[in-house]
4 protein chains.
Amino acid sequence: MAGVNKVILVGNLGRDPEVRHLEGGASVATFSLATSESYTDRDGNRQTQTEWHNIVMWRGLATIAERYLKKGSKIYLEGKLTTRSYEKDGITRYATEVVARDMVMLDNRPEGQVGNNAYAPPTAADAPSQAQAASPAPAAAAATPDLSAAEGSNDDLPF
Amino acid sequence: MAGVNKVILVGNLGRDPEVRHLEGGASVATFSLATSESYTDRDGNRQTQTEWHNIVMWRGLATIAERYLKKGSKIYLEGKLTTRSYEKDGITRYATEVVARDMVMLDNRPEGQVGNNAYAPPTAADAPSQAQAASPAPAAAAATPDLSAAEGSNDDLPF
Amino acid sequence: MAGVNKVILVGNLGRDPEVRHLEGGASVATFSLATSESYTDRDGNRQTQTEWHNIVMWRGLATIAERYLKKGSKIYLEGKLTTRSYEKDGITRYATEVVARDMVMLDNRPEGQVGNNAYAPPTAADAPSQAQAASPAPAAAAATPDLSAAEGSNDDLPF
Amino acid sequence: MAGVNKVILVGNLGRDPEVRHLEGGASVATFSLATSESYTDRDGNRQTQTEWHNIVMWRGLATIAERYLKKGSKIYLEGKLTTRSYEKDGITRYATEVVARDMVMLDNRPEGQVGNNAYAPPTAADAPSQAQAASPAPAAAAATPDLSAAEGSNDDLPF
DNA sequence: TTTT
DNA sequence: TTTT
């Protein structure tokens with residue numbers, strides 16, 4: 001019965017994370033992550049293929065995402081694949097997401113950097129560069145909080 | 001730019017693989033794989049949560065899937081996440097699949113088993129229990145062959 | 001500074017686990033795990049190459065190992081690489097071990113099996129087939145308990 | 001029989017890679033990689049624990065290591081665990097190494113960087129940031145070339 | 001020392 | 001739709 005459901009990604013955020021603070025106190029961050037791979041096609045041309053992944057981070061990870069991740073941030077992420085179904089225009093659709101369990105920020109921390117721009121990685125000493133989902137075992141339970149219910153809306157999907 | 005896009009699953013096939021032999025000689029196997037995890041909920045009850053994954057195997061892996069995998073087979077699988085878009089009823093939909101790169105069969109090979117049933121794992125000595133995608137680097141290219149195009153049909157989606 | 005240190009193995013135990021119950025109440029299980037891969041050499045002959053890994057399981061995982069794992073058991077294991085140094089015959093030596101974090105038992109549970117032998121996988125309904133290290137975040141701390149100190153002996157190494 | 005032997009690391013090189021060009025034309029790069037993890041101990045103090053890993057890269061990967069990796073470089077690495085035995089001072093010793101199969105360079109490529117120092121990541125456009133071991137399936141065979149034999153010396157160990 |  |  002027991003199985004393994006593991007996803008490992010290294011890529012860059014396509015946008016700033018969207019963070020929602022739910023009623024129960026939990027928070028969720030969602031964003032898209034691009035993983036690119038290069039290969040040489042039959043004609044010898046260099047090609048890049050990019051996949052976009054829908055990422056969901058809960059609680060502690062969401063807080064860290066909110067504080068430290070931005071459009072362009074490069075991260076290592078470990079999580080699990082989940083598929084939700086939802087209704088839209090009377091049609092059942094499916095959304096596959098990666099629910100994160102561990103995250104490591106991979107941007108270099110520029111020493112002596114001055115100024116501030118959209119791509120600036122954390123410079124503060126209090127920035128953790130590694131983080132885990134609060135509840136380890138109940139990775140299943142972690143996915144339980146119903147986003148749409150908590151927000152009393154059903155046209156408000158993460159992806 | 002370079003990234004990592006890796007999926008690791010251990011689970012059971014929900015059905016026998018569907019295998020198609022394309023015009024160019026390539027073959028594709030598709031099937032659903034269930035990964036189950038157990039946890040104890042707040043009331044102390046044992047719960048099982050199952051995720052279903054759409055798996056795609058190309059060429060050599062497809063051939064092995066056709067020969068040795070069946071409904072119920074337990075496998076270890078490594079691959080990458082890919083999302084395709086397709087039209088259905090005039091609506092764009094998305095299908096997320098795991099394109100396999102490596103596979104290991106985990107069913108015990110019953111010694112001296114007699115008879116034959118749907119769950120019988122391979123007993124023949126020629127059954128490889130480990131296999132890889134034919135083309136290593138072009139994992140990207142491996143995903144290129146367009147299934148619907150190759151079959152001249154567009155209502156014929158794997159999932 | 002933050003990094004990733006992850007090992008994923010699927011293999012068979014070479015011997016029954018050795019389990020020690022330390023003074024503080026913690027327990028440790030150690031055993032060797034074989035991972036085999038097959039390949040065809042230049043002469044077209046089928047070759048098998050086996051690697052042996054020193055596995056360490058703490059606390060909850062140790063208890064499960066003690067109860068359910070035996071010589072021959074097939075498992076999926078996730079953990080991290082650690083290297084210890086120790087003195088032997090006045091010489092500093094190094095031992096590299098994999099400290100487990102998650103484990104899934106992969107042996108088929110034979111239905112209706114009668115009798116009992118060394119290879120029998122658990123048939124009891126209370127056998128968990130999936131388990132995690134008790135303390136999630138402190139994977140580092142989990143490795144802290146000093147085995148030799150706890151046992152007041154220094155010639156008593158796990159491997 | 002078939003198993004899985006996989007190591008995934010994200011860390012920094014402790015020194016420049018040592019590269020050797022063997023007689024047969026193959027090359028090998030060896031270096032140490034540090035993976036650090038932070039955790040809070042019982043007294044609430046922030047602690048960092050670092051593990052050092054012996055990395056071996058063959059052929060194509062060795063060439064890339066030689067060109068682009070330096071002391072301090074941050075990389076993602078995927079490989080397999082191998083243990084060699086060797087004699088030293090009449091004593092059999094064991095060395096556990098990670099033979100790389102895939103590598104991704106994680107250093108930011110500084111735009112407009114001037115000058116050159118030991119930590120400078122590749123700035124050239126021709127620097128691949130992702131690379132694979134040349135021979136995919138024969139990961140086993142890849143490890144075959146005997147370093148000491150090839151160099152006609154036995155006191156010349158990578159680690 | 002495992003497994004096939 | 002799997003597995004226990």
Side-chain angles (χ1 to χ4, degrees), chain A residues 1-5 83, chain B residues 9-18 30-39 46-55 68-77 104-113 118-119 121-131 159, chain C residues 9-18 30-39 46-55 68-77 104-113 118-119 121-131 159, chain D residues 1-5 83:
Chain A
M1 183 157 61
V4 174
N5 176 354
T83 300
Chain B
L9 305 173
V10 172
N12 301 280
L13 275 76
R15 289 201 178 286
D16 288 358
E18 263 185 57
T30 56
F31 55 87
S32 289
L33 189 78
T35 57
S36 302
E37 70 176 318
S38 298
Y39 63 97
R46 203 73 191 154
Q47 302 287 354
T48 292
Q49 185 160 335
T50 298
E51 286 290 331
W52 287 96
H53 311 274
N54 297 326
I55 310 298
Y68 302 111
L69 300 186
K70 295 177 177 169
K71 174 179 175 177
S73 295
K74 176 176 288 192
I75 61 172
Y76 165 96
L77 179 150
V104 176
M105 292 185 276
L106 298 175
D107 289 313
N108 287 340
R109 305 184 180 197
E111 300 168 274
Q113 174 166 351
Y119 292 82
T123 55
D126 63 312
S129 56
Q130 190 174 19
F159 301 105
Chain C
L9 305 173
V10 172
N12 302 280
L13 276 75
R15 288 202 180 286
D16 289 357
E18 263 185 56
T30 56
F31 56 86
S32 289
L33 190 77
T35 56
S36 303
E37 69 177 317
S38 298
Y39 64 97
R46 203 73 189 154
Q47 301 288 355
T48 291
Q49 184 159 337
T50 298
E51 286 290 332
W52 287 96
H53 311 275
N54 297 326
I55 310 298
Y68 302 112
L69 300 186
K70 295 176 178 169
K71 174 180 176 178
S73 295
K74 176 176 285 191
I75 61 172
Y76 165 95
L77 180 151
V104 176
M105 292 184 276
L106 298 175
D107 289 313
N108 288 339
R109 306 182 180 200
E111 300 167 275
Q113 175 167 348
Y119 292 82
T123 54
D126 63 312
S129 56
Q130 189 174 21
F159 302 104
Chain D
M1 183 157 60
V4 173
N5 176 354
T83 299

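Everything numeric in this text was worked out from a predicted model, so none of it was measured. By convention in this document, chain letters (A, B, ...) are assigned in the order of the sequence lines, proteins followed by strands, and residues within each chain are numbered from 1.
- To the nearest angstrom, P of E/dT2 lies 18 Å from CG of D/Asn5.
- The backbone N or O of B/Met105 lies less than 3.5 Å from no partner atom in the side chain of B/Gln130, so there is not a single donor-acceptor pair.
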>> Checking B/Val10 against B/Ile75 for the side chain to side chain contact (heavy atoms under 4.5 Å, CB included) test, could you report, in this order, the C-alpha distance in whole Å, the side-chain angles of both residues, the deciding distance, and whether it holds?
In response: CA-CA 6 Å; B/Val10 172; B/Ile75 61 172; over 6 Å; no
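- Of the listed nucleotides (F/dT1, E/dT2, E/dT1), E/dT2 has the atom at the smallest distance from the side chain of C/Asn12.
- Spacing between atom CD1 of B/Ile55 and atom P of F/dT1 amounts to 18 Å, rounded to whole angstrom units.
- Side-chain atoms of B/Thr48 and B/Ser36 form no donor-acceptor pair, as typed in the model, at a separation below 3.5 Å.
- The nearest whole Å value for the distance from the CZ atom in B/Phe31 to the C1' atom in F/dT1 is 13 Å.
- Remark: C1' of E/dT2 and CD1 of C/Ile75 are 11 Å apart, rounded to the nearest angstrom.
- A distance of 5.0 Å separates OG in C/Ser38 from CZ in C/Arg46, rounded to the nearest 0.5 Å.
- One atom, CG of C/Asp16, and another, P of E/dT1, lie 15 Å apart when rounded to the nearest Å.
- Under the 3.5 Å distance criterion, the side-chain polar atoms of A/Asn5 are left unmatched by any main-chain donor or acceptor of B/Thr35.
- B/Ser32 and B/His53 form no side-chain donor-acceptor contact under 3.5 Å, judged by distance and modelled atom types alone.
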> Starting at the 5' end of DNA chain E, what dot-bracket string do you get if Watson-Crick and G-U pairs under 3.5 Å are bracketed, crossing pairs use [ ], other-strand pairs use | and unpaired bases use dots?
Replying inline: ....
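- Between the side chain of B/Asp107 and the main chain of B/Ser73, no donor-acceptor pair closer than 3.5 Å is present.
- You can call B/Trp52 stacked on the base of F/dT1; the centres are under 5.5 Å apart and the planes sit within 30°.
- B/Glu18 has its CD atom 16 Å from the P atom of F/dT2, to the nearest Å.
- Atom P of nucleotide E/dT2 and atom OH of C/Tyr76 are separated by 25 Å, given to the nearest angstrom.
- Donor-acceptor pairing under 3.5 Å, judged by distance alone, is present between the side chain of C/Thr50 and the base of E/dT2.
- Rounded to an integer number of Å, the gap from CG of B/Leu69 to P of F/dT1 is 20 Å.
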